[in-house]
S.K.: 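One structure is given below, represented as structure tokens, and several questions about it will come after.
Lettering of chains follows the sequences in order, A, B, ..., and the numbering in each one begins at 1.
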Amino acid sequence: MPELPEVETVVRGLREPLIGRTIQSVWWDWTKSIRYPDPHSFAARVSGQTVRAIERRAKYILCRFDEDILVVHLKMTGRLYVVGDNEILDSDRWAHVRFQLDGGRQLRFSDSRKFGFVTLVTDINEIAPSLGPEPLSDEFTPSVLKMRISKHQKSIKAVLLDQHVLAGVGNIYADEALHMAKIHPMRGASGLSNEEIARLYTAIRTVLSEGIEREGASVNWYRKPDGTSGDAQNHFAVYDREGEACLTCGSPIYKTRVAQRGTHFCATCQPLP
DNA sequence: CGGACAACCTGGCGGC
DNA sequence: TGCCGCCAGGTTGTCC
């Protein structure tokens, strides 16, 4: 899925068309895309509510009404977008949940793989308790990173993917950040030096910020709410570049398996001790 | 606690 | 062209 930069891009793109709009009705064709409450209760409760704010927490999209919060997780292939009156007949066989808005437009949750979901809560902690800090927030500092990763014995890659340690980093940006910080993904998280942690801190913030500036990475399914692609995929240093030359040293990029995830790295820039 | 793996699903791609 | 196996941005739960 979309990771932090992609979700942030979706959130920014939805504010203009959604804030101030009132949901009139809800249509669905896949019950499990609506996690809570049951679809009929969900539709009844959402109908008549007006969108007051759109925010992001980790990889969750928060659509705030007066009391309730509509939470959306895109998982691997989810999309959230608004179609206008003239495009209302556009077909999207994967748009499993559709919110009819006042003014004639429609908010769609589309998800070919059906891993994602929409749900209704009154507090984000109901679905995502104990999430780690936002990596781009002021509360995230090198010492916070050190404190949070050093208590884990597993690989640094696995720790970066753990949303309870740090919220929002996924498989692509974990590989990119580790390459930028010159740290091998299989290094033990508790064995990193202060200097390495400082580099990793800067690298995480840099790759995520650049990802947002480029409006996300369109690998496969991700699209911005307006339907166009982001640009971050054209700037990957290692992700999806197996066999190609490292942009830093020219050595071939290797792909392996770490934490059960495809993992890309440069053995020259990111040596194991 | 950590690691391996299955589940949840479908589509795209490479190989034969 | 057709079929088959494998891979995929995430998260959660189970088992050892």
S.K.: Measure from the side-chain heavy atoms of Met76(A) and tell me the nearest of dG10(C), dG2(B), dC9(B).
M.R.: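 The answer is dG10(C), which lies nearest to the side chain.
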
S.K.: My validator wants the stems of DNA chain C: runs of 3 or more consecutive Watson-Crick or G-U pairs, both distances under 3.5 Å, written as range with range.
M.R.: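 Stems found: B:2-8 with C:10-16, B:10-16 with C:2-8.
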
S.K.: Using atom P of each nucleotide, how far apart are dC5(B) and dC6(C) to the nearest Å?
M.R.: 14 Å

S.K.: Taking NZ, NE, NH1 and NH2 as the nitrogens, is one of them in Glu196(A) or Arg187(A) under 4.0 Å from a carboxylate oxygen of the other?
M.R.: yes

S.K.: Tell me which nucleotide among dT12(C), dA8(C), dG3(B) gets nearest to the side chain of Tyr60(A).
M.R.: dT12(C)

S.K.: Nearest to the side chain of Lys59(A), which nucleotide is it out of dT12(C), dC5(B), dT11(C)?
M.R.: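 The listed nucleotide nearest to Lys59(A)'s side chain is dT11(C).
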
S.K.: When we call it a touch if two heavy atoms are under 4.0 Å apart, what does Gly262(A) touch: a base, just sugar-phosphate, or nothing?
M.R.: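 Since only primed, P, OP1 and OP2 atoms lie under 4.0 Å of Gly262(A), the category is sugar-phosphate.
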
S.K.: Under a 3.5 Å threshold, yes or no: a donor from one side chain and an acceptor from the other, between Gln49(A) and Asp68(A)?
M.R.: yes

S.K.: Name the nucleic acid region contacted by Tyr239(A), choosing base, sugar-phosphate or nothing; use a 4.0 angstrom heavy-atom cut-off, strictly under.
M.R.: sugar-phosphate

S.K.: Quick one: which of dG10(C), dC8(B), dG2(B) gets closest to the side chain of His73(A)?
M.R.: dG10(C)

S.K.: Step through it carefully: locate the ring centre of Phe117(A), locate the ring centre of Tyr36(A), and say whether they are under 6.0 Å apart.
M.R.: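 No, ring centres 6.0 Å or more apart.
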
S.K.: How far does the P atom of dC7(C) sit from the matching atom of dA4(B), given to the nearest Å?
M.R.: 16 Å

S.K.: Pick the P atom in dT1(C) and in dG12(B), then give their distance to the nearest Å.
M.R.: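 To the nearest whole Å, 16 Å.
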
S.K.: For the side chain of Arg93(A), counting heavy atoms from C-beta on, which of dG10(C), dC8(B), dG11(B) is nearest?
M.R.: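 Of all the options, the side chain of Arg93(A) is nearest to dG11(B).
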
S.K.: Would you say that Glu134(A) contacts Arg57(A) through its side chain, given a criterion of any heavy-atom pair below 4.5 Å between the two side chains?
M.R.: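 Touching, per the 4.5 Å side-chain cut-off.
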
S.K.: Asn171(A) has a side chain; which of dG10(C), dT12(C), dC5(B) sits nearest to it?
M.R.: dG10(C)

S.K.: Consider the side chain of Gln260(A), meaning its heavy atoms from C-beta on, and name the nucleotide among dT12(C), dA4(B), dG2(B) that approaches it most closely.
M.R.: dA4(B)

S.K.: Of the options dT11(C), dA8(C), dC9(B), whose atoms approach the side-chain atoms of Lys114(A) most closely?
M.R.: dC9(B)

